[in-house]
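The chain is numbered in sequence order, starting from 1. Small disclaimer: the values here were computed from a predicted structure and weren't measured.
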Amino acid sequence: MNKFVNYCKLCYNELAHEVTWPTPKEVMQSASVVLVATLIIALVVFAMDWLFKSVMLFIYSFGA
């Protein structure tokens, strides 16, 4: 039990005094970058899916 308590104290000390936390502005900037990147990737995947569907429908139209 003593090891666990010591571990908890060390974790608290590190999180409270040694970790450099980002400012709210930095968090918002990072979140914005992630949001924009996610939207771009989603649009690229959507475009690839639409293109693949169109190509496959074109190919299948020859068989019918």
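- Across Val34, Ile41, Ile40, a single residue satisfies side-chain contact (heavy atoms from CB on, under 4.5 Å) together with Thr38, and that is Val34.
- Partners of Trp21 under the side chain to side chain contact (heavy atoms under 4.5 Å, CB included) rule, at least two apart in sequence or in another chain, are Leu15, Val19.
- Residues satisfying the side chain to side chain contact (heavy atoms under 4.5 Å, CB included) criterion with Thr23, sequence neighbours excluded, are Lys25, Glu26.
- Leu35 CG to Met28 CE: the interatomic distance, rounded to the nearest 0.5 Å, is 10.0 Å.
- Taking a 6.0 Å sphere around CD of Glu14, one finds it holds 12 or fewer heavy atoms contributed by other residues, nucleotides or ligands.
- For Val55, the side chain to side chain contact (heavy atoms under 4.5 Å, CB included) criterion is met by Leu51, Ile59, not counting sequence neighbours.
- Phe4 and Tyr12 sit in two unconnected hydrophobic clusters of ILVMFWY residues. Membership requires side-chain heavy atoms under 4.5 Å apart, directly or through other members.
- Atom CE of Met48 has 12 or fewer neighbouring heavy atoms from other residues, nucleotides or ligands inside a 6.0 Å radius.
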